[in-house]
There are 2 protein chains.
Amino acid sequence: MRADAQRNAEKLRTAAAELFHERGLHAPLKEIARRAGVSHGTLYNLFGSREALINEVVTDLAAARLGQIAEHALAHDDAWDGFAYYVEALCELQITDPAISDVVTGRYPGAESLMVLCERSRASGTRIIERAQQAGVLRPDFTREDLLFLLGANAVLARATKDTAPDSWRRSVAFTLDGLRTEAAHHPLPPAALTAPQFYEVMGALADTR
Amino acid sequence: MRADAQRNAEKLRTAAAELFHERGLHAPLKEIARRAGVSHGTLYNLFGSREALINEVVTDLAAARLGQIAEHALAHDDAWDGFAYYVEALCELQITDPAISDVVTGRYPGAESLMVLCERSRASGTRIIERAQQAGVLRPDFTREDLLFLLGANAVLARATKDTAPDSWRRSVAFTLDGLRTEAAHHPLPPAALTAPQFYEVMGALADTR
DNA sequence: AGCTTACTTGACCACGGGGTCAAATTCCGT
DNA sequence: ACGGAATTTGACCCCGTGGTCAAGTAAGCT
């Protein structure tokens with residue numbers, strides 16, 4: 001690789017990281033190139049696809065942040081506090097970092113490594129959920145799919161309110177958390193039971209919502 | 001108005017009603033014209049703007065449905081049942097009729113009459129909320145803005161799941177409702193306090209989410 | 001039937017997104 | 001400092017959206 005190409009790739013990575021961070025994984029490629037001070041042709045040249053760019057710029061960072069949050073959640077002695085921390089931290093991430101938020105809610109079905117990451121994150125989520133349920137504090141009918149839906153819904157709200165009332169999401173999350181405690185459960189819930197493919201279809205549809 | 005123009009207007013109204021119903025108030029005008037079997041020029045000719053079309057095709061219908069739901073909610077003897085019915089009915093509306101859902105969540109800031117309607121609907125909502133709070137069953141820190149956020153979040157979820165798991169929204173709504181009962185309240189909530197203009201700004205942002 | 005006028009059409013504009021590729025440019029080894 | 005190869009550029013294509021308007025068409029009055 002020639003030196004100039006290397007430099008351009010670096011400029012593009014930087015610009016991409018910025019724009020993804022500001023606007024999420026759907027930021028226009030042409031705008032990334034513009035910010036990097038480079039023609040969009042060059043971007044296609046050096047990376048070929050949005051996915052490649054995402055892999056180089058978002059994946060590791062997202063993995064680190066998500067791992068950290070899951071770890072921190074499990075570090076709470078109280079299972080409920082851990083669960084609540086986990087939910088709140090992920091929700092907060094959705095305003096502070098739309099790119100990572102897109103990873104969590106599976107908003108970018110195109111990128112292999114992201115799906116892996118998403119899967120790993122769901123696994124941590126499951127562990128945190130199960131711990132809270134075994135401790136008897138989280139209602140037993142709450143599933144990891146429900147958690148993802150919760151996050152998906154919050155993502156929309158958080159983005160809509162972030163410029164006007166940046167903390168609004170805390171209210172709705174607080175309401176929801178109160179409804180997730182074991183003693184809050186009132187009636188049997190309507191069934192969930194999504195198969196894995198169904199689930200990904202749904203998350204894909206959520207993605208189109210952008 | 002000439003007879004053929006009248007006929008075309010009617011065809012357009014029909015097509016618009018269908019598409020709005022299927023896809024919400026943001027359905028492309030050109031597609032409405034296409035479905036009506038008429039050039040898009042004619043649409044602009046006869047109606048001039050999307051808002052005009054909405055007024056003729058959605059407003060009354062939406063007013064009727066919303067009025068009916070509010071009335072039905074207040075008809076419940078039990079204040080909680082009334083509130084829960086209201087929330088669930090509105091959420092259900094969001095899959096069965098995206099157009100009306102757009103009205104409720106204020107997704108079309110351009111149309112005057114819709115804003116009036118939206119305001120009226122919020123007023124009914126307030127009545128239903130207050131009744132439940134006075135009966136001591138709905139937590140007193142729940143506001144009508146919170147309700148709108150709830151609906152906005154649900155709208156996204158409902159649309160994402162309607163083809164795959166059409167009843168998923170019922171689960172998340174059930175969780176949330178359980179968290180709204182007086183006895184579920186655990187901690188003081190983060191502040192709400194949106195001014196009216198702020199609130200409309202937020203709903204506008206929610207609209208861009210589409 | 002003829003003619004005026006209302007109406008319709010579809011090509012056209014602008015915008016913004018994704019993506020391609022021939023030609024121009026720049027690097028760098030010799 | 002030259003020349004071949006790597007790299008970049010930006011004009012060009014696609015698509016779908018909103019919107020306008022001159023020219024063509026047909027309704028319906030006399």
Side-chain angles (χ1 to χ4, degrees), chain A residues 1-16 18-20 22-58 98-99 102 107-111 114 204 207-210, chain B residues 1-16 18-20 22-58 98-99 102 107-111 114 204 207-210:
Chain A
M1 198 177 198
R2 239 167 60 181
D4 55 342
Q6 205 109 33
R7 256 176 289 134
N8 282 334
E10 204 42 47
K11 282 193 280 184
L12 281 166
R13 272 186 217 103
T14 307
E18 284 176 22
L19 265 169
F20 286 151
E22 290 166 18
R23 309 232 228 120
L25 300 182
H26 290 270
L29 293 185
K30 282 185 182 175
E31 195 162 335
I32 292 176
R34 211 176 305 136
R35 183 173 300 197
V38 138
S39 151
H40 64 274
T42 300
L43 190 156
Y44 283 102
N45 226 329
L46 294 175
F47 296 95
S49 69
R50 165 178 245 110
E51 288 73 38
L53 204 43
I54 291 177
N55 277 335
E56 297 204 15
V57 144
V58 173
D102 284 346
R107 267 193 158 83
Y108 215 85
L114 284 197
D208 289 335
T209 300
R210 225 177 324 169
Chain B
M1 198 176 198
R2 238 165 62 178
D4 54 343
Q6 205 109 34
R7 256 176 289 133
N8 283 335
E10 204 42 47
K11 282 193 279 184
L12 281 166
R13 272 187 217 104
T14 307
E18 284 175 23
L19 264 170
F20 286 151
E22 290 165 19
R23 307 231 230 122
L25 298 182
H26 290 270
L29 292 185
K30 282 187 181 176
E31 195 161 334
I32 293 175
R34 212 176 304 138
R35 182 173 301 196
V38 138
S39 152
H40 64 274
T42 300
L43 189 156
Y44 283 102
N45 226 329
L46 294 176
F47 296 95
S49 70
R50 165 179 246 108
E51 288 72 38
L53 204 43
I54 290 177
N55 277 334
E56 296 204 17
V57 143
V58 173
D102 284 345
R107 266 192 158 82
Y108 215 84
L114 284 197
D208 288 335
T209 299
R210 225 176 327 166

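Numbered from 1 within each chain, the chains take letters A, B, ... in sequence-line order. A quick note: this is a predicted structure, and the numbers were derived from the prediction, not measured.
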Exercise for the section: State, to 0.1 Å, how close A:F20 and A:A99 come at their nearest heavy-atom pair, and which atoms those are. Expected result: O-CB, 3.3 Å
Handout entry: Length of the CG-P vector between A:L43 and C:dG17, whole Å
Key = 14 Å
Problem - Side-chain donor/acceptor of A:H40 to base of D:dT8, under 3.5 Å - result: no
Fill in the blank from the handout: Here the distance between atom P of C:dG19 and atom CD of A:E51, to the nearest Å, is 8 Å
Problem - Whole-Å gap separating P (C:dG17) and CG (A:L29) - result: 10 Å
Exercise for the section: To the nearest Å, give me how far apart CG (A:N45) and P (D:dA11) are. Expected result: 17 Å
Handout entry: Under 3.5 Å donor-acceptor pair, A:K30 side-chain atoms to D:dG10 base atoms
Key = no
Fill in the blank from the handout: Partner of A:L25 under side chain to side chain contact (heavy atoms under 4.5 Å, CB included), picked from A:L53, A:V57, A:V58, is A:V58
Problem - Lys/Arg-Asp/Glu bridge criterion (N-O < 4.0 Å) met for A:E10, A:R7 - result: no
Exercise for the section: Using a cut-off of strictly less than 4.0 Å, decide whether A:N8 has a side-chain nitrogen or oxygen near OP1 or OP2 of D:dT7. Expected result: no
Exercise for the section: Could you state the atom-to-atom distance from NZ of A:K11 to C1' of D:dT9 in whole Å? Expected result: 13 Å
Practice task
Would you give the length of the straight line joining atom CG of B:L12 to atom CG of B:L43, rounded to the nearest 0.5 angstrom?
Solution key: 5.0 Å
Problem - Spacing between B:R23 atom CZ and D:dG16 atom P, to the nearest angstrom - result: 12 Å
Handout entry: Close side-chain approach of B:R23 and B:P28, heavy atoms under 4.5 Å
Key = yes
Fill in the blank from the handout: Between A:P98 and A:E22 the two heavy atoms that sit nearest each other are CG-O, 3.7 Å
Fill in the blank from the handout: CZ (A:F47) and CG (A:N55) are apart, to the nearest 0.5 Å, by 11.0 Å
Completion exercise
Reading nucleotides 21-30 of chain C from 5' to 3' and marking B where a protein heavy atom lies under 4.0 Å of the base, S where only the sugar-phosphate is that close, and - otherwise, the string is -----BSS--
Exercise for the section: Round to the nearest Å and state the distance from B:F47 atom CZ to C:dT8 atom P. Expected result: 10 Å
Handout entry: Rounded interatomic separation in angstrom, taking NE2 from A:H26 and P from C:dG17
Key = 14 Å
Problem - Nearest-nucleotide pick for B:A5, side chain only, options being C:dG19, C:dC7, C:dG17 - result: C:dC7
